[in-house]
Amino acid sequence: MNLRHPFVVANWKMHKTRAEALSFVHEFKQALPAPPALEIAIAPSFPLLESVAQALEGSRIKLVAQNMHFAKEGAFTGEVSPNLLYELGVTYVILGHSERRGHFRETDGLINQKIHAAFEFDLVPILCVGETLEERQRGQKETERVLERQLSSDLKDLIPSSVDSLVIAYEPVWAIGTGVHASPADAEAGAAFIRRSIARWFNEITASSVRILYGGSVKPDNAPELLALPNIDGALVGGASLDPKAFAEIAQAVPNR
Ligand code: PGA
């Protein structure tokens, strides 16, 4: 079984100018949490990747892209290819975020193509899955059906050794940007269900190696209880990651396992 290193990711979405991004990196580096086993990464918007990469040089903070196309090149106006991201020093790529699924109609079939392409170009996907409020209100069984539907298509035709290195973010859509986070019991139930599904489709070793993050209104005050959950290996943080002090506090809340 691989040791699951805890992982916190700042998803800046469409926020921050170049100057703001650089001042964040400067401040955050000074507040960087101690445990070296903790992996930390930042996802700026595309035009800032290169300057943030330079600012991160020599630190242990990794670079994440918020999306990508699945093709290496081609007539896809406005899209960004995986090999360009790799060239810029990107390690991880967020795929299937609910804002991509919702606003830009990304389907599980497309997300699956992107996941295969990420592996092909040596990028590690951070796959986001999660139920909407309406689905959640229909009960835990419906939530599980949604997670199963998303995951089974998103991970189609992957080999266990790829899934081992994958990061999955359980992000209930109703908790994203709303200030209402999932209760520890619901977050743990979602993550545990995802891990059980991976065990069923792949194998136990893969299920115990894959890292599962929680995302959705993670803040310094709720991070300790959410990050202490046995099946949760870290957090994907939106709003609170825009402030270097708040993001450092969240990272500090990750227990040393
Ligand atoms: P939030 O966003 O922390 O602002 O809820 C999380 C995400 O979208 O990944």
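Side-chain atoms are counted along with the backbone in the values below, which use heavy atoms only and exclude waters and symmetry mates. Both ligands and their constituent atoms are indexed starting at 1 by order of listing.
- Looking only at protein heavy atoms, the nearest one to atom 4 (O) of ligand 1 is G239 N, 2.8 Å.
- A donor-acceptor pair under 3.5 Å links the side-chain atoms of R195 to the main chain of A207, judged by distance alone.
- For ligand 1, the polar-atom distance check against T178 finds no nitrogen or oxygen pair separated by under 3.5 Å.
- Between E50 and Q54, the side chains place no donor N or O within less than 3.5 Å of an acceptor N or O (distance only, hydrogens not considered).
- Contacts of N11 with ligand 1, taken as heavy-atom pairs under 4.0 Å, involve the side chain alone.
- Looking at ligand 1, you won't find any N or O of A240 less than 3.5 Å from one of its N or O atoms.
- Between F24 and F247, the angle of the ring planes lies from 30° to 60°, which puts this pair in the tilted group.
- Listed by number with element, the atoms of ligand 1 under 4.0 angstrom from any heavy atom of G177 are 1 (P), 4 (O), 5 (O).
- Residue K13 places a heavy atom under 4.0 Å from ligand 1.
- Residue H97 has at least one heavy-atom neighbour below 4.0 Å for each of these atoms of ligand 1: 7 (C), 8 (O), 9 (O).
- Residues meeting the ring pair (Phe, Tyr, Trp, His ring centres under 6.0 Å) test with H69, sequence neighbours left out: F76.
- On a distance-only criterion, G238 and ligand 1 share at least one N/O pair closer than 3.5 Å.
- Counting only heavy atoms of the protein, atom 9 (O) of ligand 1 lies nearest to E171 OE2, 2.7 Å.
- Counting atoms of ligand 1 from 1 in the listed order, those under 4.0 Å from a heavy atom of A175 are 5 (O).
- Side-chain atoms of T206 and N203 include a donor-acceptor pair closer than 3.5 Å.
- The closest donor-acceptor contact from the side chain of R211 to the backbone of F7 lies at 3.5 Å or more, if one exists at all.
- A salt bridge between E249 and K219 is absent, with no side-chain N of the basic residue lying under 4.0 Å from a carboxylate O of the acidic one.
- Within the 4.0 Å heavy-atom shell around ligand 1 one does not find G215.
- Distances shorter than 4.0 angstrom occur between a heavy atom of G216 and an atom of ligand 1.
- Side-chain N or O atoms of Q150 include one that pairs as donor or acceptor with a backbone N or O of G130 at under 3.5 Å.
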